[in-house]
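Notes to accompany the following structure.
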Amino acid sequence: MTAYDAIVLAGGAAKRLGGADKPGIRVGGRSLLDRVLAACADASTTVVVGGRRPTVRPVVWTREVPSGGGPLAALDAGVRRTTAERVLVLSADLPFLGPGTVGALLADAGGGQRDGALCIDREGRDQPLVAVYGAEPLRRELALIATEHGGLSGLPLRLLTHELDLVRVESGPLASFDCDTWEDIASARARIREHGTVLDEWITAVKNELGIELDVDTDVLLDLARDAAHGVARPAAPLTTFLVGYAAAMASGGGDGGDGATAVAEAARKAAALALRWADENETQ
């Protein structure tokens, strides 16, 4: 993937949320800011413009001058802390943003022929805080705006994209969904509990909470839990999956990644075979 730095804007007054600490609001057990940070985990440097707080991974902190100066002032403060030729710019209130959208933006931004790429929502509106910009065009445009208006404080974000040559990228229906109101928060919390996504959301939240990065076949573990529950006893399901995880950690030396996933699969295979042998014995009695 193209090397890039990321800037996450995590300030603002959140007036439509009654002044609540929007980046810290939790959706699916994770703060909005942490969810955004997970989407750009492979950034070379991640700069968060806003008040310091615990985060799921290390970041560089900075603030706009003056404080509360708005998105353009915050973006200017952030880009001063970056060095990559490509800069991913995100707001901190995107609960459904994923690495796939980030990758699509980087790919569509090209190799420097264009000034960048930004998402458009379902209504075709530009989303300049879900975008990848060339660092040089971004710095140039911010400087021109500051010169023309005598500064960046209080200026609207739409001024940024007027003169830039940007590719418009149609994102998924939720990639640019942002949380401006409590109704938006409630909608986001409800969506992640929908049947088709709740397990993936839960597993991602658990992995973030435990500080691990391991891709495993969820269906294998669910099948194992089913076999243990049916072939042995219901309480055997969670106990067996715990023991499989422990055995996999021992076999892989406690590491994450491909070796860990292979160890989980092998331990699950052995435990599932054992559960089926138990079930066979019950049927032959």
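Please read these numbers as outputs of a predicted model, since none were measured by experiment. The residues of the chain are indexed from 1 along the displayed sequence.
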[X] side chain to [Y] main-chain N or O, any donor-acceptor pair under 3.5 Å?
X: D126; Y: P128; answer: no
X: Y133; Y: L118; answer: no
X: D5; Y: T45; answer: yes
X: R35; Y: P95; answer: yes
X: R57; Y: L37; answer: yes
X: E64; Y: G68; answer: yes
X: T204; Y: D200; answer: yes
X: T241; Y: A237; answer: yes

Quick one: [atom1] on [X] to [atom2] on [Y], what's the gap to the nearest 0.5 Å?
X: I7; Y: L138; atom1: CD1; atom2: CG; value: 6.5 Å
X: R114; Y: L166; atom1: CZ; atom2: CG; value: 7.5 Å
X: D219; Y: R226; atom1: CG; atom2: CZ; value: 10.0 Å
X: S31; Y: R26; atom1: OG; atom2: CZ; value: 6.0 Å
X: D178; Y: D184; atom1: CG; atom2: CG; value: 6.5 Å
X: L97; Y: C40; atom1: CG; atom2: SG; value: 7.5 Å

For residues 89-101, which residue pairs pass the salt bridge (Lys or Arg N to Asp or Glu O under 4.0 Å) check, not counting sequence neighbours? K22-D93

side-chain contact (heavy atoms from CB on, under 4.5 Å) between T218 and I203, intermediate numbers included: CA-CA 9 Å; T218 305; I203 290 169; 3.6 Å; yes

Please determine whether the number of non-hydrogen atoms from other residues, nucleotides or ligands lying under 6.0 Å from atom [atom1] of [X] exceeds 12.
X: R168; atom1: CZ; value: yes
X: E170; atom1: CD; value: no
X: W202; atom1: CH2; value: no

CA sep, side-chain torsions, deciding dist, call: L90, L129, side-chain contact (heavy atoms from CB on, under 4.5 Å): CA-CA 5 Å; L90 303 170; L129 295 185; over 6 Å; no

Where do [X] and [Y] come nearest, in terms of heavy atoms and distance?
X: L17; Y: I25; value: CD1-CD1, 4.0 Å
X: A272; Y: D227; value: CB-OD2, 4.2 Å
X: L152; Y: L142; value: CD2-O, 3.6 Å
X: V27; Y: I192; value: C-CD1, 4.0 Å
X: C119; Y: L105; value: N-CD2, 3.9 Å

Run the side chain to side chain donor-acceptor pair (under 3.5 Å) test against R189 and tell me which residues pass, sequence neighbours left out. none

Taking R30 first and then D34, would you say they form a salt bridge - that is, a charged N and a carboxylate O separated by under 4.0 Å? no

Basic-acidic side-chain contact under 4.0 Å: R53, D21: yes

R122 and S171 side chains, donor-acceptor separation under 3.5 Å: no

Among side-chain atoms of T82 and R139, is any donor-acceptor pair under 3.5 angstrom? yes

Evaluate the criterion side-chain contact (heavy atoms from CB on, under 4.5 Å) for residue pair L274 and R277; output intermediate values, then yes/no. CA-CA 5 Å; L274 176 61; R277 292 199 298 271; 3.4 Å; yes

Could you check whether any side-chain heavy atom of L72 comes within less than 4.5 Å of a side-chain heavy atom of L157, counting everything from C-beta outward? yes

Between V102 and Y4, is the side-chain contact (heavy atoms from CB on, under 4.5 Å) condition met? List the steps. CA-CA 10 Å; V102 172; Y4 71 98; 3.8 Å; yes

Pairs involving residues 144-162, ordered by first then second residue, that meet side chain to side chain donor-acceptor pair (under 3.5 Å) (sequence neighbours left out): none

